[in-house]
Amino acid sequence: MSRTYLLCPPSHFDVSYAINPWMDTSAPVDTALALRQWRDLCEALTAHGHTVHTLDAEPGLPDMVYAANGAFMVDGTVYGARFRYPQRQPEAASHEKWFRAAGWRFVAPTETNEGEGDFAYVPGPGLILAGYGYRTDPRAHAEAGEALGRPVISLKLVDDRFYHLDTALAVLDDHTITYLPQAFSASSRKMLRQLFPGAVVADEADGLAFGLNLVSDGVNVFLNAEARGMAAKLSARGFTVVPVDLSELKKGGGSVKCCISELRF
Ligand code: ARG
């Protein structure tokens, strides 16, 4: 099925501050390479029949390429983001402006939340999965449920290398998810086991290769090229893996999913 995505080019990408354990401000960043890799990601999406919209990158906002964090949208309603760290806070206004100009119903948040970084939607049961522990305030989970009219399952993240839900869990099709159990608290693991007995269970190597930070259209899975173990698991389950090399963007602590905000009508 054809999907619609919003991405933002890494025109001003850099690692000039560190707000997650992946970011090393002393490591050199190749912005031109990041842009080439990002363009290849866009081409992979459009080559599979998906629509890509782009948000203009702004100078001084080096993390803006991680467009997933700017909003969370279900059933045509957008629940806006409110970033945890001051360095990223101005990004929210750019997303809001884009969604309002495009005519979407926009609900402004009062609670801290980082959009699709910590919110995922499972279309089959119509469930919102929501992470907390590092970025999104659990109070935003209730606010999102109220804004979007879908039940929300709160999941606690416990490993700071997997600081956003989308680094530890991904939705593969209407009913199937994949997740890294040890990134969640024991109770959250129990909930995930109960709700998704057929999940693709990832291991730490998959997580560290950003193998959970994927985007799936239900058939094709756009996956960080480095995540070969995850690629094998997904192929074994009948998914077609589309590897994308985003090595440069990993320096900011993100990969495929972080770069993509999904517009759900
Ligand atoms: N440097 C960014 C941050 O720490 C990376 C965000 C990654 N995005 C994501 N959806 N996980 O905020």
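Residue indices begin at 1 and follow the sequence shown. Every number for a ligand or one of its atoms is a count from 1 in the order of the listing.
Scanning the protein heavy atoms around atom 10 (N) of ligand 1, the nearest turns out to be Asp166 OD2, 2.6 Å. If you check which protein heavy atom lies closest to atom 1 (N) of ligand 1, you get Gly252 O, 2.7 Å. Nearest non-hydrogen protein atom to atom 9 (C) of ligand 1 is Cys258 SG, 2.7 Å.
Between the side chains of His50 and Asp217, at least one donor-acceptor pair of N or O atoms lies under 3.5 Å.
Of the heavy atoms in Tyr85, none comes closer than 4.0 Å to ligand 1. Heavy atoms of Glu116 found under 4.0 angstrom from ligand 1: none, in either backbone or side chain. Of all the heavy atoms of Arg88, the ones lying under 4.0 Å from any atom of ligand 1 belong exclusively to the side chain.
With a 4.5 Å cut-off on side-chain heavy atoms, Asp75 and Arg150 count as touching. Between Tyr132 and Asp118 there is no side-chain heavy-atom pair separated by less than 4.5 Å.
Within ligand 1, the atoms closer than 4.0 Å to a non-hydrogen atom of Asp63 are 1 (N), 2 (C), 3 (C), numbered from 1 in the order shown. Proximity to Met23 (heavy-atom distance under 4.0 Å) selects the following atoms of ligand 1: 1 (N). Below 4.0 Å from some heavy atom of Arg135 lie the following atoms of ligand 1, by number and element: 3 (C), 4 (O), 12 (O).
Between the Asn113 side chain and the Gly80 main chain, a donor and an acceptor come within less than 3.5 Å of each other.
Every N/O-N/O distance between Gly253 and ligand 1 stays at or above 3.5 Å.
Within a 6.0 Å sphere centred on CD of Gln182, heavy atoms belonging to other residues, nucleotides or ligands number more than 12.
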For residues 191-203, dump all side-chain donor-acceptor pairs below 3.5 Å to protein atoms at least two apart in sequence or in another chain.
| from | atom 1 | to | atom 2 | distance (Å) |
| --- | --- | --- | --- | --- |
| Asp203 | OD1 | Ala205 | N | 3.2 |
| Asp203 | OD1 | Asp206 | N | 3.0 |
| Asp203 | OD2 | Lys233 | NZ | 3.3 |

